[in-house]
Novice: 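This is the structure, below, for whatever I ask next.
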Amino acid sequence: MAERKVRVRFAPSPTGPLHIGGVRTALYNYLFARQHGGDLVFRIEDTDTTRFVPQAEAYIIEAFNWLGIKFDEGVSFGGNHGPYRQSERRDIYKKYVKQLLDNGKAYIAFDTPEELAKKREEIENFQYDNKTRTMMRNSLTMPQDEVEKLIADGQQYVVRIKIDAGEEVLVDDMIRGEVRVKSDILDDKVLYKSADELPTYHLANIVDDHLMEITHVIRGEEWLPSAPLHVLLYKAFGWEDTMPRFAHLPLLLKPDGKGKLSKRDGDRLGFPVFPLDWKDEQGNVTSTGYREQGYFPEAVINFLALLGWNPGTEQELFTLDELVPLFDISKCSKAGAKFAYEKGIWFNHEYVLKKSAEEIARLWEPEVRAHGVNDSFDRIVKVCEMMKDRISFVKELWPLCSFFFEAPTAYDEKTVKKRWKEDSAQVMTELIGVLEGIDDFSLENQEQIVHAWVEQKEYKLGNVMNAWRLTLVGEGKGPGMFDISAFLGKDETIARMKRAIEVLG
Ligand code: GLU
């Protein structure tokens with residue numbers, strides 16, 4: 001068989017916001033496609049009309065756009081294997097359902113929900129399968145003319161796959177190796193429902209993977225139980241030669257490792273479980289997103305890439321492009337990956353460090369302006385130069401740095417108690433005199449002159465600096481004192497000191 005071009009797909013069901021685990025699945029598909037020079041397809045699996053949520057598709061597209069994960073074809077991206085929305089492929093599926101019926105690989109079943117419920121009551125662990133199908137109302141147990149009559153009369157029915165006992169089903173999984181399952185235990189899953197004339201997930205998924213020439217199916221572990229059925233469907237259609245290889249990715253676990261990560265864990269522990277904010281119909285945010293919480297897309301990518309895979313070295317920081325050649329699907333772990341969200345914060349901090357002060361300033365400027373600050377952009381950059389390495393998120397800057405732009409209006413009580421000594425007012429008044437005499441108000445020059453004065457007066461440097469900081473900042477935080485005074489300039493520095501002396505006495 002000729003080597004086929006690698007083609008993978010990300011195929012979400014638009015039932016709500018995309019879970020962060022889905023983002024990781026898409027990322028691994030992306031990396032796999034890129035490293036093999038293949039294609040990544042974006043397919044929308046919307047055959048379950050009861051769970052369809054209209055805004056979900058646009059949300060998913062926006063999320064990947066933000067993250068920089070690019071698709072080669074699919075919904076909103078074009079391509080020649082479309083349409084890529086399953087709801088637009090109804091006629092295609094009908095043809096394939098007919099093929100399975102004609103070949104005896106599937107059959108029609110009329111059992112109503114009530115009849116099925118009754119059977120479940122009668123028989124413990126009932127499932128519709130090779131042992132029980134003979135007791136049910138289907139085209140295997142009923143005469144053909146009766147079946148035809150019921151259909152002609154408009155009776156609703158489903159089409160089920162006919163899985164015969166005694167077969168060993170082999171799932172070739174790139175992470176888990178060869179997974180073998182006995183066909184005896186599988187049930188005759190519904191493939192199609194006459195009621196809405198739509199296939200179920202299983203049939204649509206396989207038909208589309210085949211028609212879209214998918215070579216590798218990389219998806220979450222929750223789909224592993226469906227894989228034997230999918231293998232059997234490929235066989236039922238006679239498509240064994242183009243059966244994709246599978247990779248079922250490890251689950252994302254709660255931070256403590258006990259159970260599957262859920263939205264509730266995020267709410268409880270205060271971290272997002274979705275890439276973007278999700279809003280309800282009234283426009284209220286019901287789930288917070290990584291973007292709105294101030295994460296950089298590069299940090300989210302880097303964090304997710306290492307949840308379930310690692311390069312086998314100490315290196316932790318990777319760009320998306322750097323990950324492409326390194327990623328190895330066969331080295332993904334089988335065991336679930338703990339969602340260590342604090343590591344995500346650490347990654348964001350690392351990306352703050354990587355970015356220039358100017359880049360950070362550009363991100364921060366709108367907030368600074370919203371506080372009515374008119375300082376030049378260069379001054380905002382200067383503050384970022386001094387302070388950015390202390391933060392993990394840009395939103396931490398304003399509470400940390402507002403004093404550069406706004407004089408304190410109050411003085412922190414605790415700091416006053418500790419740092420404002422009996423002689424502080426007098427020492428600060430003297431210092432004002434010293435500062436007034438400095439023409440070159442550069443950091444270095446101030447430092448030299450002020451230190452000389454402190455030495456000459458035999459003051460304690462720490463006491464002077466602490467009191468001075470209180471006058472300029474209003475509390476005990478901030479970078480070096482001369483960084484602050486040089487930034488504020490002579491007039492503003494002295495004005496703030498005078499005000500503090502007045503207030504604190
Ligand atoms: N529509 C399925 C989902 O929502 C796709 C599963 C698969 O990739 O086969 O995850």
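Atoms within a ligand are numbered from 1 in the order they appear, just like the ligands themselves.
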Novice: So if I apply the ring-ring contact (aromatic ring centres under 6.0 Å, His included) rule between F393 and each of F347, W398, W346, Y295, which one comes out positive?
Specialist: Y295
Novice: Which ligand 1 atoms are under 4.0 Å away from a heavy-atom of R219?
Specialist: 7 (C), 8 (O), 9 (O)
Novice: Starting from atom 3 (C) of ligand 1, what is the nearest protein heavy atom, named by residue and atom, and what distance separates them?
Specialist: W223 CZ2, 3.4 Å
Novice: Examine A11 against ligand 1 and note whether any of their N/O atoms are separated by less than 3.5 Å.
Specialist: yes
Novice: Is ligand 1 less than 4.0 angstrom away from at least one heavy atom of H230?
Specialist: no
Novice: For a quick check under 3.5 Å, do Y84 and E73 share a side-chain donor-acceptor pair by atom type?
Specialist: yes
Novice: Looking only at protein heavy atoms, which one is nearest to atom 8 (O) of ligand 1, and what is the separation?
Specialist: R9 NH1, 2.7 Å
Novice: Indicate whether any N or O donor in one side chain lies under 3.5 Å from an N or O acceptor in the other, for H248 and R176.
Specialist: no
Novice: Would you indicate whether the side-chain heavy atoms of Y28 and W309 approach each other to under 4.5 Å?
Specialist: yes
Novice: Examine F237 together with H210 and report whether their ring centres are nearer than 6.0 Å.
Specialist: no
Novice: Mark up the atoms of ligand 1 that fall under 4.0 Å of a heavy atom belonging to E45, in ascending order.
Specialist: 1 (N), 2 (C), 5 (C)
Novice: Indicate, as side chain, backbone, both or neither, the part of N205 found under 4.0 angstrom from ligand 1 when only non-hydrogen atoms are considered.
Specialist: side chain
Novice: Ligand 1 versus F10, non-hydrogen atoms closer than 4.0 Å: side chain, backbone, both, neither?
Specialist: neither
Novice: Within the 3.5 Å criterion, strictly below it, is a donor on E45 or S13 matched to an acceptor on the partner's side chain?
Specialist: no
